[in-house]
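Protein chains get the first letters and strands the later ones, always in sequence-line order, with residue 1 at the start of each. The structure displayed is predicted, hence computed values, not measured ones.
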Number of protein chains: 2
Amino acid sequence: MFLGTYTNKIDDKNRMAVPAKFRDQLGGKCMLTKGFDECLYIYTMEDFEVMAAKIAALPQSDADFREFIRDFFGNSELCELDGQGRIKIPQNLREYAHITKDLVTTGAMNKVEIWSAETKADFDLAKKMKDSRFTDKLREFSI
Amino acid sequence: MFLGTYTNKIDDKNRMAVPAKFRDQLGGKCMLTKGFDECLYIYTMEDFEVMAAKIAALPQSDADFREFIRDFFGNSELCELDGQGRIKIPQNLREYAHITKDLVTTGAMNKVEIWSAETKADFDLAKKMKDSRFTDKLREFSI
DNA sequence: GTAAAAGTGGGGAAAAGTGGGGTAAAATCT
DNA sequence: AGATTTTACCCCACTTTTCCCCACTTTTAC
């Protein structure tokens with residue numbers, strides 16, 4: 001079970017230190033994939049297999065599913081942790097998640113999410129805007 | 001069953017002593033999570049796992065569920081009590097609960113609530129403000 | 001009043017995070 | 001094909017954070 005939120009940086013060689021708390025569960029390697037929302041996911045090998053099997057089983061007759069399958073596997077990468085517990089994040093995934101320097105890494109049960117700090121902040125703000133208490137208040141005072 | 005209210009401090013190393021009365025029930029470790037009302041919750045491992053299992057079963061295809069899962073697990077932490085019966089409160093949770101120095105820890109049946117003393121005081125006053133008897137009194141003074 | 005337990009503070013070793021050099025492999029160009 | 005550039009990967013070094021342990025103060029129990 002992946003839990004907690006951490007901040008890290010990606011270096012000039014496009015490496016990111018996987019938070020130490022997550023390393024034992026990954027066992028030296030992991031699958032890095034494109035996530036829903038503009039972030040990346042890290043799965044254990046086992047959990048990736050489960051997810052991959054579900055996705056591979058989608059009906060190929062559906063064009064939307066074909067596109068999704070292509071996108072999922074085309075943006076999945078097997079990553080081995082180096083001696084310092086870091087993984088390299090490839091260009092296509094960096095671009096998707098708008099990753100430049102500062103990152104937020106957060107445990108989400110069976111996966112780890114990697115966010116660009118900026119994107120995460122925007123996302124959280126958007127979430128706050130959607131929060132009913134906030135919008136109710138806004139409704140009270142807006143003219 | 002967790003009962004009673006205690007005051008404590010968080011130190012410069014972000015450690016808080018769990019009231020001794022609660023320690024036996026926790027058994028050396030506990031789950032620290034984001035609570036309602038800008039406070040934190042401590043659950044026993046067992047109770048947390050029950051909740052976690054329910055939440056983990058929610059479908060990833062729903063954006064609102066993804067947000068909730070991220071928020072819940074990203075703001076949960078497994079805390080082991082040190083030799084002095086203290087836990088470390090991570091930054092994201094300190095920020096959420098506005099924790100700086102003085103704390104109020106209160107047993108609430110199946111969980112323990114951790115409040116910033118200041119936030120708790122504000123919250124208690126807010127409750128009073130909502131009480132019609134209190135606001136009626138204020139009204140006598142044209143407030 | 002005394003002893004034990006609980007609460008609080010801090011030093012120091014170890015671990016984690018971060019940056020960078022050097023070499024080998026791969027890709028690209030002529 | 002050979003030469004040159006780029007990329008990947010292993011290793012080392014430094015800084016920051018974490019965690020274990022000890023010590024002191026305060027509270028509780030008898």
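A straight line from CZ of R86(B) to P of dC21(D) spans 12 Å, rounded to a whole angstrom. Rounded to an integer number of Å, the gap from CG of L78(B) to P of dC19(D) is 11 Å. Note: OH (Y6(A)) to C1' (dT18(D)) measures 12 Å, nearest angstrom. At whole-Å resolution of the value, CD1 in I114(A) and P in dG17(C) are 13 Å apart. What separates CD of E80(A) from P of dC11(D) is a distance of 14 Å, to the nearest Å. What separates CZ of R94(A) from P of dT7(D) is a distance of 10 Å, to the nearest Å. Regarding K101(B), its NZ atom lies at a distance of 9 Å from the C1' atom of dG9(C), rounded to whole Å. Atom CD in Q84(A) sits roughly 10 Å away from atom C1' in dG17(C) (whole-Å rounding).
Between atom CG of residue L32(A) and atom CZ of residue F48(A) there is a gap of 10.0 Å, rounded to the nearest 0.5 Å. The structure places CG of N92(B) at 9.5 Å from OG of S76(B), a figure rounded to the nearest 0.5 Å. Of the inter-residue distances, the one linking F65(A) atom CZ with L58(A) atom CG reads 5.0 Å to the nearest 0.5 angstrom.
For the contact set between residues 23-33 of chain B and DNA chain C, defined by any heavy atom under 4.0 Å, the members are R23(B). Within residues 9-17 of chain B, the residues having any heavy atom under 4.0 Å from DNA chain C are, by residue number, K9(B), D11(B), K13(B), R15(B).
A salt bridge links D71(B) with K34(B); the closest basic N to acidic carboxylate O contact falls under 4.0 Å. A salt bridge is absent between D62(A) and R66(A); no separation between the charged side-chain nitrogens and carboxylate oxygens falls under 4.0 Å. Remark: R139(B) engages D136(B) in a salt bridge, criterion side-chain N to carboxylate O under 4.0 Å.
Side-chain contact between K21(B) and Y6(B): present, with at least one pair of heavy atoms (C-beta onward) separated by less than 4.5 Å.
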Protein N or O to nucleotides 24-28 of chain D N or O, pairs below 3.5 Å:
none

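Among the protein residues, N8(A) comes within range of the sugar-phosphate backbone only, with heavy atoms under 4.0 Å from sugar or phosphate atoms but none that close to a base.
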What's the verdict on salt bridge (Lys or Arg N to Asp or Glu O under 4.0 Å) for D82(B) and K88(B), showing C-alpha distance, side-chain angles and the deciding distance?
CA-CA 9 Å; D82(B) 70 11; K88(B) 186 183 165 290; over 6 Å; no
Under the ring-ring contact (aromatic ring centres under 6.0 Å, His included) criterion, do F72(A) and Y41(A) qualify, and how do the steps go?
CA-CA 11 Å; F72(A) 179 81; Y41(A) 292 163; 9.1 Å; no
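For K88(A) and dA8(D), the shortest distance from a side-chain N or O to OP1 or OP2 is below 4.0 Å.
Using a distance-only test at 3.5 Å, with no hydrogens or angles considered, a donor-acceptor pair links the side chain of D11(B) to the main chain of K13(B).
Across the interface with DNA chain D, nearest-nucleotide mapping of D82(B) and K21(B) shows D82(B) to be the residue nearer the 5′ end.
If you run side-chain contact (heavy atoms from CB on, under 4.5 Å) between I114(A) and each of R94(A), M16(A), K120(A), only M16(A) comes through.
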